[in-house]
Asker: 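This structure is in structure tokens; I'll ask about it shortly.
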Amino acid sequence: MKNYIATPTRTKAILNKYQFSFKKSLGQNFLVDVNILQNIIRHAGINKQTGALEIGPGIGALTEQLAIHADKVVAFEIDQRLLPILEDTLHDYSNVNLIHQDILKADIVEVINENFQNDQDVHVVANLPYYITTPILMKLVRDKLPVSSITVMIQKEVAERMAAKPNTKSYGSLTIALQYYTEAEVVMTVPKSVFMPQPNVDSAILKLVLRETPPVHVDDEGFFFDLVKASFAQRRKTLQNNLKSYFEDKYDKDMINDILEQSGIDGKRRGESLDIGEFAHLANTFLAAAKN
Ligand code: SAM
């Protein structure tokens with residue numbers, strides 16, 4: 001078998017050669033299992049026609065597999081110390097473009113337009129730094145990137161939140177946001193043992209396929225997401241109490257009761273019992289009432 005980067009021996013040799021010390025604050029847990037990487041690539045739908053956009057290449061474990069299986073790879077890495085290492089470990093692959101940048105500050109749409117052909121299928125594939133999983137995913141979906149799918153390794157617990165159903169502990173505003181923009185599926189769970197160093201929790205591979213149109217109609221996306229956030233603010237409170245606290249400067253209590261009644265949604269329910277359709281209906285009812 002080829003001496004891939006994603007093996008414990010090769011990874012240790014690279015770390016030793018460069019005297020590299022992991023930065024916990026950057027979520028550096030490198031993958032040392034080629035089988036897991038190939039699974040990620042297969043689920044992501046990567047092939048020789050497709051482009052791949054990676055976040056956080058580390059020392060290049062996933063990048064190498066992407067370079068082998070995709071047409072072209074573009075990878076964003078924030079840690080300057082990794083750039084010379086990557087130049088070395090990925091020396092044999094001419095189809096990789098490394099960008100030294102914080103993904104949260106990047107204009108990803110522009111990078112995609114500059115690096116891939118117009119009609120090329122592009123997939124985001126990453127073993128995400130766990131400390132910023134949620135902001136990265138929110139950015140990826142809200143920036144409306146011209147990509148076909150997003151397949152990422154994240155903490156198992158967060159993955160469960162993303163594909164959760166109403167009335168479960170994992171269900172929350174993140175679930176709704178991802179449901180709105182994508183179809184989310186947890187494709188497999190992954191043990192801690194495939195990482196170096198090992199994280200404290202198990203992980204999972206989450207696949208998000210971007211929707212052409214949202215599953216529900218909302219009159220104002222910003223307001224819809226505000227209302228969802230408000231409804232989950234204190235999970236033990238009823239929907240009406242959460243809405244009253246959050247919107248106290250905007251709507252008085254009687255008005256909130258009236259709107260809830262108009263919507264046909266019982267204000268004594270908890271936010272976590274509403275599905276995305278009910279949230280959309282409630283948000284649209286609020287806006288219509290505010291106009292009158
Ligand atoms: N892809 C490699 C692998 O699977 O072995 C490394 C994954 S490691 C979990 C996360 C990587 O993301 C690290 O290389 C870290 O330096 C990088 N990173 C952390 N924050 C970042 C950010 N804001 N923008 C870009 N890269 C970031």
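When a ligand or atom number is given, it counts from 1 through the structure's own listing order.
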Asker: Does the distance from a Lys or Arg side-chain N to an Asp or Glu carboxylate O, for K268 and D266, drop under 4.0 Å?
Answerer: no
Asker: Ignoring hydrogens, just give me the one of G27, A6, P129 whose non-hydrogen atom is nearest atom 9 (C) of ligand 1.
Answerer: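 Among G27, A6, P129, the closest heavy atom to atom 9 (C) of ligand 1 belongs to G27.
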Asker: So is L62 polar-close to ligand 1, meaning N/O to N/O under 3.5 Å?
Answerer: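 No; the residue has no nitrogen or oxygen that sits under 3.5 Å from a nitrogen or oxygen of the ligand.
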Asker: Yes or no: does L82 have any heavy atom under 4.0 Å from an atom of ligand 1?
Answerer: yes
Asker: Could you tell me whether Y131 approaches ligand 1 through its side chain, its backbone, both or neither, with non-hydrogen atoms closer than 4.0 Å?
Answerer: side chain
Asker: Looking only at protein heavy atoms, identify the closest one to atom 16 (O) of ligand 1 and say how far it is in Å.
Answerer: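 Answer, as residue, atom name and distance: E77 OE2, 2.6 Å.
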Asker: For ligand 1, is E54 a contact, meaning one of its heavy atoms is under 4.0 Å away?
Answerer: yes
Asker: For ligand 1, is there an atom lying under 4.0 Å from some heavy atom of Q101?
Answerer: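 For ligand 1, residue contact (heavy atoms, under 4.0 Å) with Q101 is present.
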Asker: Just which atoms of ligand 1 are under 4.0 Å from any heavy atom in A61?
Answerer: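 Reading through ligand 1 atom by atom, the close ones are 5 (O).
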Asker: Quick one: nearest non-hydrogen protein atom to atom 4 (O) of ligand 1, plus distance?
Answerer: N127 ND2, 2.9 Å
Asker: If you have a sec, work out which protein heavy atom is nearest atom 24 (N) of ligand 1 and how many Å separate them, to one decimal?
Answerer: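 For atom 24 (N) of ligand 1, the nearest protein heavy atom comes out as I103 N, 3.0 Å.
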Asker: Quick check on F195 - does any of its heavy atoms sit under 4.0 Å from an atom of ligand 1?
Answerer: no
Asker: So do I108 and L140 actually touch side chain to side chain, heavy atoms under 4.5 Å?
Answerer: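 A side-chain contact under 4.5 Å exists here.
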Asker: Go through ligand 1 atom by atom and flag the ones less than 4.0 Å from a non-hydrogen atom of Q28.
Answerer: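 Those atoms are 13 (C), 15 (C), 16 (O).
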Asker: Should N29 be counted as touching ligand 1, given the test is an N or O pair under 3.5 Å?
Answerer: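 N/O-N/O distance under 3.5 Å: no.
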Asker: Please list, in number order, the atoms of ligand 1 under 4.0 Å from a heavy atom of F76.
Answerer: 25 (C), 26 (N)
Asker: For ligand 1, which part of L128 has a heavy atom less than 4.0 Å away: the side chain, the backbone, both, or neither?
Answerer: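 Backbone only.
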Asker: Counting each atom of ligand 1 from 1 as listed, which ones have a heavy atom of D102 under 4.0 Å away?
Answerer: 22 (C), 23 (N), 24 (N)
